[in-house]
Q: 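Sharing a structure, written as structure tokens. Questions coming.
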Amino acid sequence: MPEGPELHLASLFVNKVCEGVVFTGPVTKSAVSKNCDVSFICEAYRIQASSRGKEVKLTLTPIKSDVKEGSTEQTMDIVFRFGMSGYFRFTSEDELPKHAHLRFFSNEKPCRVLSFVDTRRFGSWQPNGSWQRGRGPCVMFEYESFRKKVLSNLSNRAFERPICEALLNQNYFNGIGNYLRAEILFRLSIPPFVQARTVLESLELEDLAADTTPEKEELDDQKTSDRESKRTSQPADLLRLCHTVPLEVVNMGGKGYDPQKADYSDFQAWLRCYYVAGMKSTRDHNGRTMWFSGDSGPMVPKECKSTKAKKRVKKEDNDAAMVAEIVPKVKTEKCVKQEARNGKTGLRKRKVKQEGEVTRTCDNTRCLRSNKTSEAR
């Protein structure tokens, strides 16, 4: 599932491909999408993107000199939430992806299309939208506000939950998702199922080890390495890693999580815990899989088992039951009922002395074959 870094990379991608491009006409939606229509028609407009936590905003700005009667004159913001599989693509009209559910057409020949692609259709968009109210400050680019909100609200019931579950609460940790929480807790050797309040209450409101929050335009490898070298002498805390670990993914850029190229080798090499061989996994109280190492903590759900192990056992049990008992009985009964329904004659009953049971068969070829086989045995 795309998390804060992926949505920020998506906004950078949109700004890169749309620079200098003029878009035109209506914004169209696919027939299968259940999201709302976008009522925006303009002869000429530009697109710019920005991100905040787990949201991306596209700003459609009409070019005033080209505004005609019937066209939209006001700027429109469309806020996207990516769900499980959302991302943006910029292709020719002939190469439009199959699951492109919202499309913006360029004023070119041949035409190019910026599209929001969402295979599983869990993503959404909101025309004339704004950042969702229930989401807190962005962990990457509003670090001071993020830290202050968390530490000023530790009395809230949200922090009575295990730390691994609290980290997915977007009201406080906007941008953190499943793989980031695993990586952050692993680096600090914090058991995932300890109470969040006990982990956070010892932290200071002001992070004296952190330098000023980086501007989005300044995220390059050299400056990131400089920041990291300054912090190596300072003890790490969980809130600081909620800020720095996502930035590591951002700085991988196209070498990391990149749906455009579908090459995740560098991203997978960066992972230390999430889906890494030798790590443990269990489901939290919300049913989300938590990856960790060492002790799980006192608040781990009771009778928790590895998801993969549970599925294997269940599948084997079901297969054995079907092969041994269910399948032969269903076939014989179905065959008899079908013959009776068609009004055919030729049904015959024969008693077979086998453990004192009476077996009913018919003239169906398949049944006769099975009968002969059993008699031979």
Q: Taking Gln126's backbone N and O only, do any of them form a donor-acceptor pair with Arg81's side chain (distance below 3.5 Å, no angle check)?
A: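 Pair absent, no side-chain N/O of Arg81 close to backbone of Gln126.
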
Q: Students often mix this up, so state it plainly: with edges at 30° and 60°, are the rings of His243 and Tyr143 parallel, tilted or perpendicular?
A: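 The arrangement is parallel - the two ring planes meet at less than 30°.
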
Q: Pick from Val245, Val249, Asn174, Leu247: which one makes a side chain to side chain contact (heavy atoms under 4.5 Å, CB included) with Met140?
A: Leu247

Q: Only one of Tyr87, Trp125, Phe116, Phe122 clears ring pair (Phe, Tyr, Trp, His ring centres under 6.0 Å) with Phe82; which?
A: Phe116

Q: Looking at CD of Gln74 and OG1 of Thr61, how far apart are the two atoms once the value is rounded to the nearest 0.5 Å?
A: 11.0 Å

Q: Picking from Val113, Val38, Leu58, what satisfies side chain to side chain contact (heavy atoms under 4.5 Å, CB included) with Phe104?
A: Leu58

Q: Does Lys148 offer a backbone N or O that forms a donor-acceptor pair with the side chain of Ser152 under 3.5 Å?
A: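 Yes, Ser152 side chain to Lys148 backbone: donor-acceptor pair under 3.5 Å.
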
Q: Is a donor on one side and an acceptor on the other found under 3.5 Å between the side chain of Asn156 and the backbone of Ala158?
A: yes

Q: Thinking salt bridges, do Asp295 and Lys280 make one under a 4.0 Å N-O criterion?
A: no

Q: Indicate yes or no: does Glu201 engage Arg197 in a salt bridge with an N to O separation below 4.0 Å.
A: no

Q: Is the closest basic N to carboxylate O distance between Asp237 and Arg240 below 4.0 Å?
A: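 Here Asp237 pairs with Arg240 in a salt bridge, since their nearest N and O are under 4.0 Å apart.
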
Q: Do Asp284 and Arg181 meet the salt-bridge criterion of a basic N to acidic O distance under 4.0 Å?
A: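 So Arg181 pairs with Asp284 through a salt bridge.
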
Q: Is it true that the side chains of Trp270 and Glu248 contain a donor and an acceptor less than 3.5 Å apart?
A: yes

Q: Which of these passes side chain to side chain donor-acceptor pair (under 3.5 Å) with His101: Ser124, Ser30, Ser33?
A: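 Only match with His101 under side chain to side chain donor-acceptor pair (under 3.5 Å): Ser30.
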
Q: Give the ring-plane orientation class for Tyr274 versus Tyr179, where under 30° counts as parallel, over 60° as perpendicular and anything between as tilted.
A: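 The rings of Tyr274 and Tyr179 sit tilted, inter-plane angle from 30° to 60°.
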
